[in-house]
Amino acid sequence: MASRTQPPVSRDIGVLKAGWRYASISDKIADTVLSRPTGWPGWLLFLATFAGTLAFFGATAWLFAVGVGIWGVNIPVAWGYAIGNFVWWIGIGHAGTFISAVLYLLRQRWRTSINRFAESMTLFAAGIAGLFPILHLGRPWFFYWLIPYPDVMNVWPQWRSPLVWDFFAIATYLTVSLLFWYVGLIPDLATLRDRAATPFKRYAYGLAALGWRGEARHWARYEHAYLLLAGLATPLVVLVHSVVSLDFAVGNTPGYHSTIFPPYFVAGALFSGFAMVLTLAIPLRRFFGLEDFITGKHLEYAAKVVLATSWIVLYSYGAEIFTAFYSGDEFEVAIVMDRWTGAYAPVYWAMLACNVGVPQLLWWRRVRRSVPALFVISLLVNLGMWMERFLIVVSSLHHDFMPSAWGMFYPTFWDWAFLFGSIAFFVWLFLVFLRLLPAISIAEMRLLVRESAEEGR
Amino acid sequence: MSAALYGLLAEFPTADLLLAAARAARARGHALEAYSPFAVEGLDEAVGFTRNAMPLVTFLGGLLGGLGGYGLQWYSAVIDYPINVGGRPLDSWPAFIPATFALTILGAALAAVVGMLAANGLPRLRHPLFDIREFDLASRNRFFLCLRPGEAGLDLPAARTFLTEQGALAIWEAVE
Amino acid sequence: MKPEDRPFIPIRPLPAGVDDPGRRRFLHLMAASLALAGAGCSGPPPEHILPYVKMPEGVLPGQPAFYATTLVRQGYGQGVLVESNLGRPTKVEGNPLHPASRGATDVFSQAALLQFWDPDRSQAPWQGGQLASWPEADATLLDWGAALARDGGAGLRILTGTMTSATWLDQWRSLGKRFPGARWHRYDPLHDDGALRAAELAFRRPVDMLLHLERARVVVSLDADFLGQGPAAVAHARDFAATRSDPARPTRLYALEVVPGLPGANADERLGLPPPRLEALVWRLAARLGVDGAESLAPDSGTAAWEEALAAALRAHRGESLLVAGPTLSPPTRALVHVLNQELGNLGRTVDLIAPVEFEPGSHGDSLAALCEDMREGRVDTLLILGGNPVYDAPGGLDFAAALAGVPRTVHAGLYRDETARRCAWHLPLAHDLERWGDARGFDGTVSLVQPLIRPLYGARSPREILAMLGAEERESDYDALRRVVGGRLPGRGENPEAAWQRCLQEGQVAGSASAPLRLPAAARPRPPDFGPRLLTAVFLPDAAVDDGAFANNAWLQELPRPLTKLTWDNAALLAPATARALGLENGDEVELSAAGHRVRAPVWVLPGQAEETVGIPLGYGRRDAGRVGNGVGFDGYRLRSGAGVTAPVGLKPTGGRHDFACTQAGDSMEGRPLARHATAAEAQAGKAGPHRKEPRDSLYPAYSYPDYAWAMAIDLNACIGCGACTIACQAENNIPVVGREEVMKGRQMHWIRVDRYRTEAGAVLFQPVPCMHCENAPCEAVCPVGATVHDSEGLNVQVYNRCIGTRYCSNNCPYKVRRFNFLQYADNDEESLKAGRNPEVTVRRRGVMEKCNYCLQRITRARLAAEKEGRSISDGEVVTACEAVCPTRAIVFGNLNDPASRVNRAKASPLDYALLEELNTRPRTTYRIRITNPDPALGGNGKGGGGGE
Amino acid sequence: MQVFSRRAVLIVKLGLIALPLLAATAIAVYRWRAALPNAPGAAVPQPIPFSHKHHVGDDGIDCRYCHTTVEKSRSAGLPSTEICLTCHSQLYNDAPLLAPLRESVASGRPIPWQRLHDLPDFVYFDHSIHVRKGVSCGECHGPVDQMPLTWRHASLEMQWCLACHRDPAEHLHPPGDVFSASQKSPLSGPARQALMASLHIQSTRRLTDCSTCHR
């Protein structure tokens, strides 16, 4: 039993197992970064993904040298994998901020132990997503013309273009997510600084910690700022994917031009985002032995969110079809028919299976509590969401208004190289993060220890 | 040692003890600082911290970002280089909203973070308390109270006894 | 080498036959590094200015000049005006005064420019496999001439194509003085020998037919492609379109075809028939029209309705009907057609007969056969081949190459070091029409002058100069000869000859030199021929893009979608759907064709409307030594020819192989969307065909005003015959790059104006040229993040290449998909000659930028500056876009909407005028006038005709 | 414990100051590298040290005497060797400075002048319309009559072009003054407006259309 003079010991409250104290929990998490050896599986994965990362940048060099013609894009399908990947990644980059901001505002305690790595996931995914629109340019070295600055040409960005909105939305999203993530890190960086064994680490973490001391007034302002950031990040979560969806919805292309897109994209984003959280959390807790902090409860909650969002996504699919036939617009109808029976129909049905069919398994508690099942499902959902992005981008374009201009998109080797390269890059970044920074917020876990103990009083 | 006294630092095992000690010290009229490994509820009032400027700063930042953002778009599209783009009006305000919105949030967020750091006097890499080795535990599991010599100065023996009564595990003199 | 590995034009010379994808990569890398350099690693390098030492007269740097000259194809001249910038020919325009042009040109005259600048052109004499020099060549031929002179040139043979040049004839005659024994042979692979035979049968003398389509109300085309082929095609198209422009005077074109061509595509009633049935139909028709000699034929239930309808229509329009027969018909049947035209009183009205324009007309097939005979018999010791490429295009049955091998002294003069050049002792580069003096006659006999715009690029010589190398007559410059021969006998107008001559040079022709119509006795009744058994018949036809193969190395033409198949960079064995079904074949299946003792592998293309039991074989492909562009494209149909005939029985056997085509339009159907709209004349009369324009819906936005000019275009689908001249003219005017076969297969062709081809459910073909619509509410503009495509104050939707960063968003948002993107570095910035041929008024686009039709902005600007300097406003017709200028049928009209009297306003005033995809409210400046067909009620009136051909 | 010594802190601070400076220099260097050759105001050595000061200022030769096509064509035209000879076959015909001229006459090869005004290929500038519309030579080429060696007067940046296209009035001159080298007294407001009207200057909207210069 905890007393005023004895440091508290945690009890099992589902999202945190029993028997942890301030010290032990601090050391446990901090030492996964500071002293825990990587081990050969870690190294293997690291090197593999690093090779993939190099391949990604090699492909980029080739792209800049030769031009976007190395991809399968053409007229009419002028956008291909690059934009599909962009939307996919930006979607994945949503769960993080949603978890840390929205769940924080809602005072969801299960947020505490997953927000840190979810935010990191967000940063990396959004960062990679941000690369693709630039890679996809015909003249990428002029991407900065989207930035308003007084140039010698006296010309400005064209503000009516959703791509400009994109630019601002994503830049803001990245910045705010980064700030949010970093502010959350400061106390933990101080912990690492004070526990680091070597001067170099002390310097590195010390610089990053900005000399944080945990003074009461600092904590007060800190908490306030953090709350405000959460409040600001919340509308941003909605904004970003809404704007991304406007890239399509603002266009007049049948299959793009639909008002359902913003909510549809946001839901899809959370859907894929939480799937990715599962994909990462499951091996993470396993390899670092963090089952006490990332418990079955966490996985189950995430699974429930996936299940819920899968229904919103299903609704959006339905809405698209309904509006097509209800409006009777021959072009919209033609696109829907093409999705069902056309050249890309197999992708469409596979997508439905992954995004709508598979998640229904989560109705069963046994499935929700089976870690392997959750892992497989999360992977399938990610696959399905990628196929959805592909369909939105490609299948809409290849059958638009003028049958004389219809065409097909066939991915080339380079299209695949960029997709898998970006995935490798993402995993690599995540591994680096795991080795350098605490995957779970130490300060907040201490607080959780205290709360769980006091509940026992 | 000629260096000026920074304060008298006491270590406590739990947040509750620190809280109590802080309140008592405040009652005795001490200028004080409290250090904890996580945000302890009520500790800020206990050390006499009341008005918090974060919301105002953030609001101003957002206002600046928003107005600046729309202003920039309007100026460049209507005043500086008016161009007929697809027959749309020069001031296509609905199309200017997304960027404006994003910039509002960006301004607010930057203001919040920068404001918070500035108000906290961070970054500050050196601090007298860091000279005390055990202070490292302030970021792990220990709670510290630091009595500062106010303009009145600090009666060291009295303060020591007071802190010990409050259940301090150890006491140090921190110097500038 | 494999066609997919063939480098496209933008790659500098390689030894022919060397395939080098690696090199292209290298170029791309170079392009990229340059691009990055341009991106700011360093500014432009310092340049020099090199002024003239002696300023030539009449050259105004920065301002183009136009010269009238003539482009000669297969012997016949088409008058053209050629734009010259600082002495470089950069664009071909039609010559309004010339009967074969009337201001327009065909695709070949447009592409002649690229042919002129083609880096693969022969650039020096060759002896055997060795580079040689002109002095050596001069010496050799002089010796040969001396040797020949001893026996009066008994062993001397000269092979040319069709000749209509007076200076040539003059030279040939004087040559005869020294070499009385010399023989002159003529061979053009697609020369219409049958027409002459028919004339012999009917009139006992050769004649040429002059069609006056504008006077005819009923035209019956018996597999005669008078719109697509032959030296008169442009004039025919103009006249044909004229007949359709007047709704009050409905006309009707009946087309009976073997292999679908432009007449069928533009017919009011069409029927596909294999040659035997087609011929029989003509004879039965003759019988119905009371021409004896044909009664004995058994009736053909499949065509009876047609015979009746045709007979009725022809009877009803005596004197204003016209029958034209094509080369697939046998000479007796074509003679019968002469008879019919005479019987129907069409002679002298809708058709004139004139003395043949060709000198010494005769069967080219026989002429070449005779030459081969002589060569085999060793009666030839010296052979001069002036132009032409018999080793490639002689009928496979003749085996010309083998015969040639037996001739000791052979000289080939040509634009390219082609198949023949490589088998002759000597090859001499022949001067292009743009770099020589000379003359030729138009299809109607008009004497046309060839005048050079530039010194020969590679020191090449004209045919006349080369023949003169034999040292026959005293040297006389081409110009002097022309002045003497042509200038000597100008139709006297009582003015001083020098002035008359100067005017001829300015006009590019001798006005009034057209042949006069012949007065001929009644035509003799021919005997009906044996129509032959119904076998699988090969029909050899010139290709719509490479003609007889002479243009095989012309990338513009190779990449020009063929009007009916929309194929590029290929020919195919064309089959009727039914025939293909019967043989279990579909597009891309490979078959082995066998005839004349040769076997040729060819991919199949199924062509709706083609006659059953026939294989259409476009000639001019399968070149081995055409150049980097033409080598190995398609299959060589000439090898299947036994003689000069255009039909022959052929064996066909599937090989199981497959072939991928580079086709620019997959489907035929409009998917029920009102894109290329059409109605029947009856509906139009009843006012059911329009109005098509809906009032623009009111908008949330205030409309922009376009105070000074508002440019717009109107395209008349009723006039467009789908020839594709606009596509090529645009390509030439706007420096549009060629992308090559594999890029077209990826869907990356760059044409700014494409001609869509649809087929109605009834099988009728509709053509629709699609340039940029210049929408007032342009969807492309609103989505460009950098404002690289915006509106200017005259309503042009302009594309600012230097601002474009290549998001391709605009293309996605363009409902008409008229935008083109430089996915790779397509423009060739290495080939000097290609650079020299570009239009200096138009930016050469770099990799990564979007481009599209801009209504020939450079031409608008030229007109505006001229007007501004004179303080007036641009008048109607002052700005003529490249596509408008070249169009043989005047289907395209461009002008200023703010000028109430402008032609474009008149065109748009029609109730038949409509906007494409109007419901999107893009408010296009380019609009269309619907196609009006006039089907024959007697044939069901559905515009498809009885059999429809399949 | 105290991680950072005073020195360490100082170094960190210096580093923070250095960063923006570095960025600024980088941008400056980029601008310099990307600029046109032959910076404005810098006289450029030519094969013949031709002096506009002498020919225009002292001798008062009209611009059009040498730049013959300036009123007719896009390019103003650089004098052919012949034109130089109209005088220099008599005057200074054996001056060593004119050796390249004589060499050009002899060889028939042009004199390789250094280009001062080099617009990008996607910019279509037309001399004739500008002089016709009252833009005097000096507006762009500066006081050539005071240039012993010619230098580029204008930056030729797009913003420089736009400055005039957006507000032509103060850059226009009566037709008579267009080719006169001497400095003209600025016109009064009303006179400007009258001039604008008489020259039919197009609307600013037209003059600032992308298609006016780019195609």
Side-chain angles (χ1 to χ4, degrees), chain A residues 62-79 133 136-143 145-146 153 155-167 247-248 250-253 256 329-331 334 393 396-397 399-410 412, chain C residues 25 28-29 31-33 35-36 39-40 665-667 669-673 675 743 746-749 754 756-758 768 770 779 781-788 790 803-809 811-813 815-825 846-850 916-917 920 922:
Chain A
W62 182 243
L63 176 75
F64 285 9
V66 179
V68 288
I70 64 173
W71 292 335
V73 284
N74 58 31
I75 309 290
V77 188
W79 286 1
H136 142 282
L137 292 179
R139 301 201 291 172
W141 47 91
F142 285 135
F143 78 93
W145 282 353
L146 268 75
M153 300 176 289
V155 287
W156 298 93
Q158 204 282 95
W159 302 100
R160 299 165 192 80
S161 167
L163 290 184
V164 174
W165 309 345
D166 252 352
F167 173 76
D247 290 348
F248 303 97
V250 162
N252 57 11
T253 312
Y256 280 10
D329 179 303
E330 58 180 312
F331 306 116
V393 174
S396 310
L397 286 173
H399 252 226
D400 68 348
F401 295 96
M402 300 275 285
S404 59
W406 285 355
M408 286 292 294
F409 170 90
Y410 300 104
T412 66
Chain C
R25 292 220 180 76
H28 288 151
L29 284 165
S33 47
L36 291 167
Q665 184 183 346
S669 163
M670 282 189 279
E671 306 286 321
R673 304 172 183 184
L675 303 174
E743 290 295 295
K746 288 191 183 121
R748 296 172 178 178
Q749 62 275 14
R754 63 174 196 265
D756 288 347
R757 175 237 40 222
Y758 299 110
Q768 182 172 43
V770 184
E781 293 178 5
V783 297
C784 177
V786 291
V790 296
R803 180 67 175 169
C804 178
I805 60 174
T807 67
R808 310 193 285 294
Y809 202 168
S811 172
N812 285 359
N813 224 32
Y816 312 97
K817 288 289 174 287
V818 293
R819 293 179 155 268
R820 301 299 184 198
F821 188 70
N822 291 272
F823 286 95
L824 299 168
Q825 180 60 38
R846 143 204 291 192
R847 181 248 291 187
V849 305
M850 191 62 71
L916 199 53
L917 296 174
L920 300 178
T922 53

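Predicted, not measured: the structure shown is a model, and the values here were computed from it. Reminder, nothing fancy here: chain letters follow the sequence lines and each chain counts from 1.
Taking chain C as the reference chain and counting heavy-atom pairs below 4.5 Å, the highest number among A:Val77, A:Leu163, A:Leu146 is found for A:Leu163. Interface check for chain C: of the options A:Ala405, A:Pro162, A:Pro140, A:Gly407, the most heavy-atom pairs under 4.5 Å are formed by A:Pro162. With chain C as the partner, the residue from A:Met408, A:Glu330, A:His136, A:Arg160 showing the most heavy-atom pairs under 4.5 Å is A:His136.
Both the backbone and the side chain of C:Ile805 come within contact range of chain A, judged by heavy atoms closer than 4.5 Å. When heavy atoms are compared at a cutoff of 4.5 Å, C:Glu781 approaches chain A solely by way of its backbone atoms N, CA, C and O. The contact between A:Trp79 and chain C is made by backbone and side chain atoms together, counting heavy-atom distances below 4.5 Å. Both the backbone and the side chain of A:Asp247 come within less than 4.5 Å of a heavy atom in chain C. Only the side chain of C:Val770 has a heavy atom closer than 4.5 Å to any heavy atom of chain A. Residue contact with chain C, scored on non-hydrogen atoms closer than 4.5 Å, is absent for A:Trp159. Heavy atoms of C:Thr807 lying under 4.5 Å from chain A belong to its backbone as well as its side chain.
For the atom pair CZ of C:Arg820 and CG of A:Asn74, the computed distance is 10.5 Å after rounding to the nearest 0.5 Å. C:Thr922 OG1 to A:Phe401 CZ: the interatomic distance, rounded to the nearest 0.5 Å, is 9.5 Å. Atom-to-atom distance recorded for A:Ile75:CD1 and C:Arg808:CZ is 8.0 Å, nearest 0.5 angstrom.
The two residues C:Arg754 and A:Ser404 have their closest heavy-atom pair at NH2-OG, 3.4 Å. The nearest pair of heavy atoms linking C:Phe821 to A:Gly138 is CZ-CA, 3.8 Å. Across all their heavy atoms, C:Arg846 and A:Phe142 have their closest contact at NH1-CE1, 4.3 Å. For A:Thr253 against C:Asn812, the heavy-atom pair with the smallest separation is OG1-O, 3.0 Å. Here the shortest heavy-atom pairing between C:Pro785 and A:Val164 reads O-CG2, 3.4 Å. C:Tyr809 and A:Phe248 get closest at one heavy-atom pair: OH-N, 4.2 Å.
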Verdict with supporting geometry, C:Leu916 and A:Met402, side-chain contact (heavy atoms from CB on, under 4.5 Å): CA-CA 10 Å; C:Leu916 199 53; A:Met402 300 275 285; 3.8 Å; yes
Could you list the donor-acceptor pairs under 3.5 angstrom formed by side chains in residues 63-71 of chain A, with sequence neighbours left out?
none

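Here the side chain of A:Arg139 pairs a donor or acceptor atom with the backbone of C:Cys804 at under 3.5 angstrom.
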